[in-house]
Amino acid sequence: MVELRDDDQALVDLGGIRKEISLALVSGVQLGDYVIVHVGYALGLIDPEEAQRTLDIFKQLEQAPQP
């Protein structure tokens, strides 16, 4: 999360794309936390180690040869 906003809103960075999302479904979110996002809502927090593993997998998939 890169910015907390008023009214349970936040700005997240999704692979270089910044998007405003709702935090109405999660509590205790802080700047810098990783959240699982679906259709504009944060659904839950994810620990930094798990987030990094997931980001690493996405990076590997981007670099994989395409058929």
Side-chain angles (χ1 to χ4, degrees):
M1 185 142 0
V2 295
E3 183 180 318
L4 294 173
R5 296 186 171 174
D6 293 334
D7 299 322
D8 285 332
Q9 299 293 307
L11 188 66
V12 295
D13 185 318
L14 303 169
I17 298 170
R18 291 191 171 204
K19 181 173 176 107
E20 187 169 82
I21 63 162
S22 172
L23 299 174
L25 302 177
V26 294
S27 62
V29 179
Q30 307 220 350
L31 192 61
D33 282 349
Y34 290 91
V35 292
I36 297 172
V37 176
H38 181 64
V39 294
Y41 286 86
L43 299 179
L45 290 167
I46 186 169
D47 69 70
E49 293 82 21
E50 182 65 25
Q52 190 57 57
R53 284 193 295 272
T54 302
L55 293 171
D56 290 344
I57 290 169
F58 286 154
K59 192 174 290 187
Q60 290 173 4
L61 289 172
E62 287 175 1
Q63 295 171 351
Q66 300 298 314

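One-based numbering along the sequence shown.
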Could you state whether [X] and [Y] fall into the same hydrophobic cluster, counting links through intermediate Ile, Leu, Val, Met, Phe, Trp or Tyr residues with side-chain heavy atoms under 4.5 angstrom apart?
X     : Y     : result
Tyr41 : Ile17 : no
Val29 : Leu14 : yes
Phe58 : Val2  : no

Which distance, rounded to the nearest 0.5 Å, do you find between the [atom1] of [X] and the [atom2] of [Y]?
X     : Y     : atom1 : atom2 : result
Ile46 : Ile36 : CD1   : CD1   : 4.5 Å
Gln9  : Leu4  : CD    : CG    : 11.0 Å
Glu3  : Asp13 : CD    : CG    : 12.0 Å
Asp33 : Asp47 : CG    : CG    : 10.5 Å

Does any non-hydrogen side-chain atom of Leu55 lie less than 4.5 Å from one of Tyr34?
yes
Note, Val37 side chain near Lys19 side chain (heavy atom, < 4.5 Å)
no
Over all atoms of both residues, closest heavy-atom pair of Ala42 and Ile21:
CB-CD1, 3.8 Å
Write down the atom of Met1, the atom of Val12, and the distance for their closest heavy-atom approach.
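So the two residues come closest at CA-CG1, 4.2 Å.
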Testing Gln52, Lys59, Gln60, Arg53 for side chain to side chain donor-acceptor pair (under 3.5 Å) with Asp56, which one passes?
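Answer to the side chain to side chain donor-acceptor pair (under 3.5 Å) test with Asp56 among Gln52, Lys59, Gln60, Arg53: Gln52.
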